[in-house]
J.: 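Pasting a structure below so you can have a look.
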Amino acid sequence: RFDVLVVGGGPSGATASVYAARKGIRTGIVAERFGGQVLDTMAIENFTSVSYTEGPKFAAELENQVRQYDVDIMNSQRGATLNRDEETGVISVGLASGAELQSRTVVISTGARWRSMDVPGEAEYRNKGVTYCPHCDGPLFKGKRVAVIGGGNSGVEAAIDLAGIVSHVTLVEFDAELRADQVLQRKLRSLPNVDVLVSAMTTEVVGDGGKVTGLTYTSRTTDESHSLDLDGVFVQIGLLPNTEWLEGTLELSPRGEIVVDEAGRTSLPGVFAAGDCTTVPFKQIVVAAGAGATAALSAFDHLIRTDVP
Ligand code: FAD
């Protein structure tokens, strides 16, 4: 039986397992894909103390550091169920493989995935102009023309943010109106280098084989097809937390994020959560890593206050 079982092997889970193992307690980590979203990332330039690295290198270093400790790594395994025994407080995590693991505390760090548009060219030009993270990639498009897809809060925030860096932003919204808060919409419309298109369905990301050169969209009011010349496309149509397996077990927000307090506690005693799968407002590596440390320290705190069942 583990003292701390971490489910998820991205920056938050890796950090949680290092913090737990350094307390000398029995630590395990289950990960579907060790490294998480950073495996799909090109350049990382905003993790302090590392001026520049690349996603796969960062992921390998996360794993190397975890391997320096006595952590039981179970890679390519997916958590499928979570149960807490009311009497003993022991938590069981059932794996998709059928195995069951038991632990006195669990840290969930299963991350999230970006919702994609699923149009031709999007996957082909991913990281070649198609991006999902304005905080990460905005500076790469300094002085260039970009589109932001999505008129919810994240899309409009991204457009406002990017308008200060790039030469021109076109915000493309599928619905007849933007869904972002009015205050954000007012700010957006006050910017001189932003155009807003509504009732516009993106139909293709266009490129020259090496990088994005534009996109095409169809007006849903006139049915006409149009094209835009662009250097980048920021897709902001939702971040889906990997928490489907926890529905009915833990308190989730309407977006499916695990509701956590400032110490990473969830609605179940002994179960903590960290990173992009939680209600933390910002989804970034450094934020997720910090939350992983918090959750592991909270788990340790829980252990020293609880009798061993
Ligand atoms: P994740 O990285 O999503 O890791 C989740 C882990 O849980 C993975 O190991 C996954 O396989 C595993 N998992 C999922 N479900 C299960 C399950 N049921 N059972 C077991 N394991 C499971 N942030 C930055 O700060 N800077 C950047 O430059 C940057 N660039 C980015 C570029 C791209 C293309 C993307 C997609 C994201 C980028 N981000 C960047 C965001 C950053 O990657 C995330 O904020 C960060 O990885 C979140 O870490 P996490 O540990 O919470 O989750």
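Order of listing sets the numbers, starting from 1, for every ligand and every atom in it.
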J.: Tell me which one of Leu250, Ile91, Val90 satisfies side chain to side chain contact (heavy atoms under 4.5 Å, CB included) with Arg84.
T.: Ile91
J.: With a 4.5 Å limit on heavy-atom distance, are the side chains of Asn83 and Thr249 in contact?
T.: no
J.: For the side chain of Glu54 and the backbone of Pro56, is there at least one donor-acceptor N/O pair under 3.5 Å apart?
T.: no
J.: At what distance is the nearest protein heavy atom to atom 14 (C) of ligand 1, and which residue and atom is it?
T.: Thr110 O, 3.2 Å
J.: Could you tell me whether Ala43 approaches ligand 1 through its side chain, its backbone, both or neither, with non-hydrogen atoms closer than 4.0 Å?
T.: backbone
J.: Donor-acceptor pair, distance only, cut-off 3.5 Å: does the side chain of Thr243 make one with the backbone of Gly256?
T.: yes
J.: Donor-acceptor pair, distance only, cut-off 3.5 Å: does the side chain of Asn127 make one with the backbone of Asp40?
T.: yes
J.: Among all protein heavy atoms, pick out the one at the shortest distance from atom 53 (O) of ligand 1; state its residue, atom name and that distance to 0.1 Å.
T.: Gly111 CA, 3.2 Å
J.: With heavy atoms only and a cut-off of under 4.0 Å, state how Val7 meets ligand 1: side chain, backbone, both or neither.
T.: side chain
J.: Nearest heavy atom to atom 24 (C) of ligand 1: which of Val38, Ile285, Ile29 does it belong to?
T.: Ile285
J.: Quick check: does Asn127 get an N/O under 3.5 Å from an N/O on ligand 1?
T.: no
J.: Around atom 9 (O) of ligand 1, find the nearest protein heavy atom and jot down its residue, atom name and distance.
T.: Arg33 O, 2.7 Å
J.: Could you tell me the residue and atom name of the protein heavy atom closest to atom 2 (O) of ligand 1, and the distance to it rounded to 0.1 Å?
T.: Gln37 N, 2.9 Å
J.: Does ligand 1 have any atom that is closer than 4.0 Å to a heavy atom of Trp245?
T.: yes
J.: How far is atom 12 (C) of ligand 1 from the closest protein heavy atom, and which atom is that?
T.: Gly8 CA, 3.8 Å
J.: With a cut-off of 4.0 Å, which atoms of ligand 1 are near a heavy atom of Gly275?
T.: 52 (O)
J.: For Pro11 and ligand 1, does the shortest N/O to N/O distance drop below 3.5 Å?
T.: yes
J.: Return the closest protein heavy atom for atom 32 (C) of ligand 1 as residue, atom name and distance.
T.: Thr41 OG1, 3.2 Å
J.: With a 3.5 Å distance limit and no angle check, can you tell me whether Tyr217 reaches the backbone of Glu204 through a side-chain donor-acceptor pair?
T.: no
J.: Find out whether Val260 and Val280 are in side-chain contact, i.e. whether some heavy atom of one side chain is under 4.5 Å from a heavy atom of the other.
T.: no
J.: Does the ring of Tyr69 carry Arg22 above it, NZ/CZ under 6.0 angstrom from centre and within 45° of its axis?
T.: no
J.: Anything under 3.5 Å between a donor and an acceptor, one on a side chain of residues 43-51, the other on a protein residue two or more places apart or in another chain? List them.
T.:
residue : atom : partner : partner atom : Å
Asn46   : ND2  : Gln284  : OE1          : 3.1

J.: Using heavy atoms and a threshold below 4.0 Å, how should the contact between Ala288 and ligand 1 be classified: side chain, backbone, both, or neither?
T.: side chain
J.: If we ignore hydrogens and angles and just use 3.5 Å, is the side chain of Gln185 paired with the main-chain N or O of Leu178 as donor and acceptor?
T.: yes
J.: Can you tell whether the side chains of Arg78 and Glu244 come within less than 4.0 Å, N to carboxylate O?
T.: no
J.: Any N or O on Ile44 sitting closer than 3.5 Å to an N or O of ligand 1?
T.: no
J.: Are Arg265 and His302 close enough that some pair of their side-chain heavy atoms sits under 4.5 Å apart?
T.: no
J.: Hey, does Ser12 come in under 3.5 Å of ligand 1, counting only N/O atoms on both sides?
T.: yes
J.: Using a 4.0 Å heavy-atom cut-off, which part of Gln77 comes near ligand 1: side chain, backbone, both, or neither?
T.: backbone
J.: Are Arg104 and Asp3 ion-paired here, with the side-chain N under 4.0 Å from a carboxylate O?
T.: yes
J.: For ligand 1, which atoms sit closer than 4.0 Å to a heavy atom of Ala112?
T.: 3 (O)
J.: Between Phe282 and His135, how do the two ring planes meet: parallel, tilted or perpendicular, split at 30° and 60°?
T.: perpendicular
J.: Taking the side chain as every heavy atom from C-beta outward, state whether Thr110 and Trp245 have any atom pair closer than 4.5 Å.
T.: yes
J.: State whether the shortest distance between N or O atoms of Glu32 and N or O atoms of ligand 1 falls below 3.5 angstrom.
T.: yes
J.: Classify the contact between Asn46 and ligand 1 as side chain, backbone, both or neither, using a heavy-atom distance cut-off of under 4.0 Å.
T.: side chain
J.: Against heavy atoms of Arg78, which atoms of ligand 1 measure under 4.0 Å?
T.: 17 (C), 18 (N), 19 (N), 20 (C)
J.: Looking at Gly9, which atoms of ligand 1 are within less than 4.0 Å of one of its heavy atoms?
T.: 6 (C), 7 (O), 8 (C), 9 (O)
J.: Would Cys136 count as being in polar contact with ligand 1, using the rule that some N or O on each side must be under 3.5 angstrom apart?
T.: no
J.: Is there a polar contact, in the sense of an N or O pair closer than 3.5 Å, between Asp40 and ligand 1?
T.: no
J.: Geometry only, no angles: is Asn242 polar-contacting ligand 1 at N/O separations under 3.5 Å?
T.: no
J.: Side chain, backbone, both or neither: which part of Trp114 comes within less than 4.0 Å of ligand 1 when only heavy atoms are counted?
T.: side chain
J.: Run down the list Asp276, Val286, Val6, Asn75 and name the one with the heavy atom closest to atom 45 (O) of ligand 1.
T.: Asp276
J.: Any atoms of ligand 1 less than 4.0 Å from a non-hydrogen atom of Ser109? List them with their elements.
T.: 5 (C), 6 (C), 7 (O)
J.: Between Gly79, Gly55, Ala14, which one has a non-hydrogen atom sitting closest to atom 17 (C) of ligand 1?
T.: Gly79
J.: My understanding is that only one of Leu215, Val172, Thr202 makes a side chain to side chain contact (heavy atoms under 4.5 Å, CB included) with Met117; could you say which?
T.: Thr202
J.: Examine distances only and state if a side-chain atom of Asp231 and a backbone atom of Arg145 form a donor-acceptor pair shorter than 3.5 Å.
T.: yes
